[in-house]
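Below is one structure, written out as structure tokens; comments come after it.
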Amino acid sequence: MGVYIAKWQFSLDMAIVNQIPYFSEKEHTFDSIILYMDLDAFFAAVEIRENPSLAGLPIVVGGNPNTKQGVVSTCSYEAREYGIHSGMSISQALKLCPNLTMVRGSFRLYSEVSKRIMNILKHYSPIMKVAGNDEAYLDLTDIVSDYEEAKQLAIELKDDIYASEKLTSSIGIAPNKILAKIGSDTDKPNGLVVVKPLKISEFLSPLEITIIPGIGKKSSKIFHDNNITTCGDLAMIPYQLAHQKFGKTGLKTWKLVNGYNTENTDDKFNSREIKSISEERTFFNRPKDWKDIDVLIDSSIETIVTKAKKKNMNFRTITLKIRFQDFETFTRSYSLSCHVMSKKQVKEVVNMLLEEFKDKKPFQIRLLGVKISNLLKITDNQKTLTQFF
DNA sequence: TCTGGGGTCCTAGGACCC
DNA sequence: TCTGGGGTCCTAGGACCC
């Protein structure tokens, strides 16, 4: 035991002295070629395709055009020039651009278009991961022999998508998923960026730290407060400092900007099992009484338990989310002693969790949500057991 | 000023066990 | 009366992504 500690201590000390990370060789090797595809302003682009008179105009998809409530789901590049972006409130977007065109989303259409495009991608590699409506990763490692060939394939893919759907896409090609995504993000719309393994540092160094997925407003402020604005700034500091100052994510980010492969190659593309199922709703009109609350909760429970049933999932933890008009938000959860799949039990738990808030007036409630988690896939064997009990 | 919805991951504290 | 340290599970909240 003591020997191991000493050994570890030694390598750590040496690493500090020489400022050399003690990460394994393996983390430095890249043998994958990954392609990431992202459709440009997807929802907005589909709307413009369906209604060409919208072309060239600042448009947003999302929110309620009548009440001017809600948030921006996607906006055209013209709207982005006004500073409008996804997630922004409609009222704020209208302030930035008073003649903004609002389009009510046709989400069923988007999902149909998305499915067709994903089918096109499938022809380029059998190893594929759909990461959303408008984005996917392809593993080209066994498909192409080098980055030049990968680039040619990407050009073909973009043409293919445009020919069949009249939509443009941006593509990044790199030795791992994160870098491929960052690559595509740096050249939009209709871009194509290749990041070869030996060019990673050169490529990342001048980029803002916020280009890294997972570094949002809060994290970037912490980095900025420590005089780190670009990926290159972070790459320059000793990794111990990155770990100490910015925690686990700090170390991971440090590794990324220094060209280490931070991805677990084993589950590169295996889409993992779903972890939770939830539904939450904001009251369009303020609830009058507890009956209104009850109706909404029942409907949410119905939705999520039906989803779980379809997926053959039992669950053990039930979470209630409640938000008041002042935006103060609480979550309360409870774990059952065994996995179940029953609406009745969810309802009982939710009622129990709701007790704590019964002194509030119903009209003070803005949002309610129900989530089930701690999911367990039922095998046929267990199904018979469930029936038995 | 106004702030949707469905997710994942991380942190931190407390309970409990050995 | 004072009491270590590691592991695991549960809960609450928050950052972030699309």
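Letters A, B, ... mirror the listed sequences (proteins, then strands); counts begin at 1.
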So, using side chain to side chain donor-acceptor pair (under 3.5 Å) as the criterion, who are the partners of Asn119(A) when residues are at least two apart? Lys122(A)
Expressed in angstrom and rounded to an integer, what is the separation of Arg316(A) atom CZ from dT8(C) atom P? 16 Å
Examine dG7(B): is either OP1 or OP2 under 4.0 Å from a nitrogen or oxygen in the side chain of Lys275(A)? Give yes or no. no
I want to check something: taking the side chain as every heavy atom from C-beta on, are Phe203(A) and Lys196(A) in contact at a cut-off of under 4.5 Å? no
Mind checking the NZ-CD1 spacing from Lys360(A) to Ile365(A)? Nearest 0.5 Å is all I need. 9.0 Å
Treat a base pair as Watson-Crick or G-U wobble with both distances under 3.5 Å, then lay out DNA chain B in dot-bracket form, 5' to 3', with | for cross-strand pairs. ....||||||||||||||
Starting at the 5' end of DNA chain B, which residue's closest nucleotide do you reach first, Lys371(A) or Thr249(A)? Lys371(A)
Just to verify, what does Asp292(A) make a side chain to side chain donor-acceptor pair (under 3.5 Å) with, not counting sequence neighbours? none
Which pairs with one or both residues in residues 204-226 of chain A pass ring-ring contact (aromatic ring centres under 6.0 Å, His included), sequence neighbours excluded? Phe223(A)-Phe246(A)
Return the value, rounded to whole Å, for the distance between atom CG of Leu368(A) and atom C1' of dG6(B). 16 Å
Each nucleotide N or O in nucleotides 2-5 of chain B that has a protein N or O under 3.5 Å away: list the pair and distance.
residue: dG4(B); atom: OP1; partner: Arg366(A); partner atom: NH2; Å: 2.3
residue: dG5(B); atom: OP1; partner: Thr282(A); partner atom: N; Å: 3.3
residue: dG5(B); atom: OP2; partner: Thr282(A); partner atom: N; Å: 3.1
residue: dG5(B); atom: OP2; partner: Thr282(A); partner atom: OG1; Å: 2.6

Nearest-angstrom distance from the residue atom CD1 of Ile322(A) to P of dA12(C): 13 Å
Please classify the nucleic acid contact of Lys221(A) as base, sugar-phosphate, or nothing, using heavy-atom distances under 4.0 Å. nothing
Who else is in Val295(A)'s hydrophobic cluster (ILVMFWY, side-chain heavy atoms under 4.5 Å, direct or via others)? none
May I have the list of side-chain donor-acceptor pairs in residues 150-157 of chain A shorter than 3.5 Å, sequence neighbours left out?
none

Do Lys321(A) and Ser278(A) come within less than 4.5 Å of each other through their side chains, counting heavy atoms only? no
Take atom NZ of Lys129(A) and atom C1' of dG7(B), then tell me their distance rounded to the nearest Å. 13 Å
Sort and list the pairs that fulfil ring-ring contact (aromatic ring centres under 6.0 Å, His included) and have at least one residue in residues 106-133 of chain A, not counting sequence neighbours. Phe43(A)-Phe107(A), Phe43(A)-Tyr110(A), Phe107(A)-Tyr110(A)
Is dC2(C) syn or is it anti, if syn means the base angle is within 90 degrees of 0? anti
Under the side chain to side chain donor-acceptor pair (under 3.5 Å) test, which residues partner Asp359(A), sequence neighbours left out? none
When rounded to the nearest Å, what value does the distance between C1' atoms of dT1(B) and dC17(C) take? 24 Å
Round to a whole Å and report the spacing from CZ of Phe246(A) to P of dT11(B). 15 Å
In whole angstroms, the gap separating C1' of dT11(B) from NZ of Lys248(A) amounts to 10 Å
Which residues end up grouped with Leu100(A) if you chain together Ile, Leu, Val, Met, Phe, Trp and Tyr wherever their side-chain heavy atoms are less than 4.5 Å apart? Val60(A), Val72(A), Tyr82(A), Ile84(A), Met88(A), Ile90(A), Leu94(A), Leu96(A), Met102(A)
Which letter, B, S or -, goes with each nucleotide of nucleotides 13-18 of chain C from 5' to 3', with contact meaning a protein heavy atom under 4.0 Å? S-SSSS
May I have the distance from Asn374(A) (atom CG) to dT8(C) (atom P), rounded to whole angstrom? 16 Å
Only counting residues at least two apart or in another chain, list the ones meeting side chain to side chain donor-acceptor pair (under 3.5 Å) with Arg49(A). Glu165(A)
